[in-house]
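Only one structure is covered here, and it is reproduced in the block below.
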There are 2 protein chains.
Amino acid sequence: MRTPEELTELFRSSGRKITAQRQCIFRVLQGNETHPSAETVHAMVSVEMETISLKTVYQTLHDLAELGEIISLDVGTGMTRFDPNTGDPHHHLVCRKCRSVRDLVAGFPDLQIPEGADLGFEVGSAEIVFRGLCPDCQLSAQGQGADIPVRA
Amino acid sequence: MRTPEELTELFRSSGRKITAQRQCIFRVLQGNETHPSAETVHAMVSVEMETISLKTVYQTLHDLAELGEIISLDVGTGMTRFDPNTGDPHHHLVCRKCRSVRDLVAGFPDLQIPEGADLGFEVGSAEIVFRGLCPDCQLSAQGQGADIPVRA
DNA sequence: CCGGTATCAACAATGATTGTTGAAAAACAA
DNA sequence: TTGTTTTTCAACAATCATTGTTGATACCGG
Ligand SMILES: [Mn+2]
Ligand SMILES: [Mn+2]
Ligand SMILES: [Zn+2]
Ligand SMILES: [Zn+2]
């Protein structure tokens, strides 16, 4: 994702108008590595703008995704997560307990599908989701503690 | 997943009763490689039993998942898919257009996370989702044709 | 300044899934 | 066979993330 300033320019040049809400969302997303959901973005933005609506957040996130400035992620946590890190291709670590999502910056160049194993699919991309326990949840996982079920 | 006969025994020995509905679901799942959703299982079972309720299908699928006989999959198609192939670990090919899901039986033993890249996560499993176009959709993809958006 | 967006609140709707109820049917142990 | 327990069913309502709607107000930008 580009800087809020560049996004401002991009929005304008793509026929969109610049509002305080949108710029606030730009700022919140900038450098954010937590892969927030729309709700989470809304909560963060609400600190600065108490009256911003969740609807507006969804709209702006969709605009950003449409422009390729953020990526919509579905890692099975029940809510779409948004990722401003569009620069380097990467994979994700997902905590089974608290559902936090972190980047895993590693190549894995060996995702070549063996001859004939692709069943005729024309494969365009591959995503790896590593599931486990984040550092925080390892501490609080003394003995018991059920995982949060993955979506429904 | 075991055979319908073995599942019948397993259900009984786990305190569950055997019904015509459940056995019908066992049969439909047996050897099914399409990763059906609950709705799809319901549709298939309905051919034999017109009055079976979707609720019953959900219940039985959950029982089977609880017993480890099938796996619940979330590959971003909006509906949970069920996989009776619990024998060999494998990954999945997902069609961007029709959302069909097929097995990709390949090792990928090189999913070792580089030192320090795991951010302290205690990683238990890794799933790879390959996205692309299935053979059928390659044919009907002459020129245009929008992808079905991934969940929401 | 003016026209077109954007935002807001408030609300309804979606779609997959789960919960509830009460009645009827079936399973199965004795 | 009988009696207890489970399961199923229909018909609903509820959930949760997300999208749509409306009408009024605000404000961006040429
Ligand atoms: Mn990421
Ligand atoms: Mn599979
Ligand atoms: Zn955690
Ligand atoms: Zn397809």
Side-chain angles (χ1 to χ4, degrees), chain A residues 4 7-26 35-43 45-46 48-67 70 72-82 99 101 148-152, chain B residues 7-26 35-43 45-46 48-66 70 72-82 99 101 148-152:
Chain A
L7 290 179
T8 295
E9 180 51 36
L10 180 62
F11 262 52
R12 266 199 259 266
S13 66
S14 65
R16 277 167 260 249
K17 295 189 174 177
I18 281 302
T19 67
Q21 290 84 336
R22 288 176 171 180
Q23 286 180 307
C24 190
I25 293 171
F26 297 168
H35 305 80
S37 65
E39 290 270 8
T40 304
V41 171
H42 181 248
V45 168
S46 295
E48 278 186 62
M49 311 189 56
E50 319 95 38
T51 70
I52 191 172
S53 82
L54 182 55
K55 197 89 215 295
T56 301
V57 172
Y58 271 110
Q59 276 161 194
T60 303
L61 289 173
H62 283 142
D63 282 342
L64 286 168
E66 198 177 311
L67 293 166
I70 61 177
S72 295
L73 275 186
D74 182 351
V75 289
T77 56
M79 283 148 38
T80 301
R81 314 288 287 251
F82 296 91
R99 300 188 159 177
V101 180
I148 302 175
V150 169
R151 185 132 74 90
Chain B
L7 289 179
T8 294
E9 180 51 36
L10 179 63
F11 262 52
R12 264 199 260 265
S13 66
S14 66
R16 276 167 260 249
K17 295 187 175 178
I18 280 301
T19 66
Q21 289 86 335
R22 287 176 172 178
Q23 287 181 308
C24 190
I25 293 171
F26 296 167
H35 305 79
S37 65
E39 289 271 9
T40 304
V41 171
H42 181 246
V45 168
S46 294
E48 277 186 62
M49 310 189 57
E50 319 95 39
T51 71
I52 190 171
S53 83
L54 182 56
K55 199 89 213 296
T56 300
V57 172
Y58 271 110
Q59 276 161 195
T60 303
L61 290 172
H62 283 142
D63 281 343
L64 286 168
E66 197 177 311
I70 61 176
S72 295
L73 275 186
D74 183 351
V75 289
T77 56
M79 283 149 37
T80 301
R81 313 289 288 250
F82 296 92
R99 299 188 160 177
V101 180
I148 302 176
V150 170
R151 187 131 73 87

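Chain naming here is simple, since letters A, B, ... match the order of the sequence lines and numbering starts at 1 in each. Scope of the values below: all heavy atoms of this structure, side chains included, with no hydrogens, waters or symmetry mates. From a predicted model like this one, the values you see are computed outputs, not experimental measurements.
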For A:Leu64 and A:Leu7: C-alpha separation, side-chain torsions, deciding distance, then whether side chain to side chain contact (heavy atoms under 4.5 Å, CB included) applies. CA-CA 9 Å; A:Leu64 286 168; A:Leu7 290 179; 4.1 Å; yes
Counterpart residues, salt bridge (charged side-chain N to carboxylate O under 4.0 Å, His left out), relative to A:Glu48 (two or more places apart): A:Arg27
Could you give the CD-to-P distance, from B:Gln23 to D:dT6, as a whole number of Å? 19 Å
Given D:dT18, C:dA9, C:dT17, the nucleotide with the shortest approach to the side chain of A:Ser53: C:dA9
If you look at every heavy atom in B:Leu61 and B:Ile70, which pair is closest and at what distance? O-CD1, 3.5 Å
Just the rounded figure in Å: distance from P of D:dC9 to CD of B:Glu50. 11 Å
Closest approach of A:Arg99 to A:Thr77 (non-hydrogen atoms, all atoms of both residues): NH1-O, 3.0 Å
Distance, rounded to the nearest Å, where B:Asp74 contributes CG and D:dC16 contributes C1': 15 Å
Measure from the side-chain heavy atoms of A:Thr51 and tell me the nearest of D:dA10, C:dA9, C:dT17. C:dA9
Looking only at heavy atoms, the pair that brings B:Ser37 and B:Phe82 closest together is C-CD1, 4.2 Å
Measure from CD1 on A:Ile25 to C1' on C:dT7 and round the result to the nearest Å. 11 Å
Nearest whole angstrom, please: distance from the P of D:dT18 to the CG of A:Leu61. 10 Å
How many whole angstroms separate atom CZ of B:Phe11 from atom P of D:dT6? 15 Å
Please step through side chain to side chain contact (heavy atoms under 4.5 Å, CB included) for the pair A:Thr19 and A:Phe11, ending with a clear verdict. CA-CA 10 Å; A:Thr19 67; A:Phe11 262 52; over 6 Å; no
Among the nucleotides C:dC8, C:dT18, D:dC9, which one has an atom lying closest to any side-chain atom of B:Tyr58? C:dT18
Taking only residues two or more places apart in sequence or in another chain, which ones pass salt bridge (charged side-chain N to carboxylate O under 4.0 Å, His left out) with A:Arg81? none
Using five base pairs at each end, measure the axis-to-axis angle across the helix from C:dC1-D:dG30 to C:dA30-D:dT1 and round it to 10 degrees. 40°
Of the nucleotides C:dT17, C:dC8, C:dG19, which has the atom closest to the B:Lys55 side chain? C:dG19
With the side chain counted from C-beta on, respond yes when A:Thr80 and A:Tyr58 share a heavy-atom pair under 4.5 Å apart, and no when they do not. no
Give the rounded distance in Å between these two atoms: CD of A:Gln21 and P of C:dT5. 18 Å
Would you say a side-chain N or O of B:Ser37 is under 4.0 Å from OP1 or OP2 of C:dA16? no
Between B:Thr60 and B:Gln21, is the side chain to side chain contact (heavy atoms under 4.5 Å, CB included) condition met? List the steps. CA-CA 9 Å; B:Thr60 303; B:Gln21 289 86 335; 6.0 Å; no
Show the nearest heavy-atom pair for residues B:Ile25 and B:Val45, with the distance to one decimal. CG1-CG2, 3.8 Å
N/O (side chain, A:Thr80) to phosphate O (OP1/OP2, D:dA17) under 4.0 Å: no
With sequence neighbours left out, write down each residue that passes salt bridge (charged side-chain N to carboxylate O under 4.0 Å, His left out) with B:Arg16, or none if nothing qualifies. B:Asp63
Counting primed atoms, P, OP1 and OP2 as sugar-phosphate and everything else as base, the B/S/- map of nucleotides 22-30 of chain C against protein heavy atoms under 4.0 Å is -----BS--
Which part of the nucleic acid does B:Gln59 contact within heavy-atom distance under 4.0 Å: base, sugar-phosphate only, or nothing? sugar-phosphate
Protein-nucleotides 1-3 of chain D N/O pairs under 3.5 Å:
none

Closest of D:dG20, C:dA6, D:dT7 to the A:Arg22 side chain is C:dA6
B:Leu54 CG to C:dA16 P, straight-line distance once rounded to whole Å: 10 Å
Would you say A:His62 places a side-chain N or O within less than 4.0 Å of OP1 or OP2 belonging to D:dT18? no
Heavy-atom closest pair, residues A:Val57 and A:Ala38: CG1-O, 3.7 Å
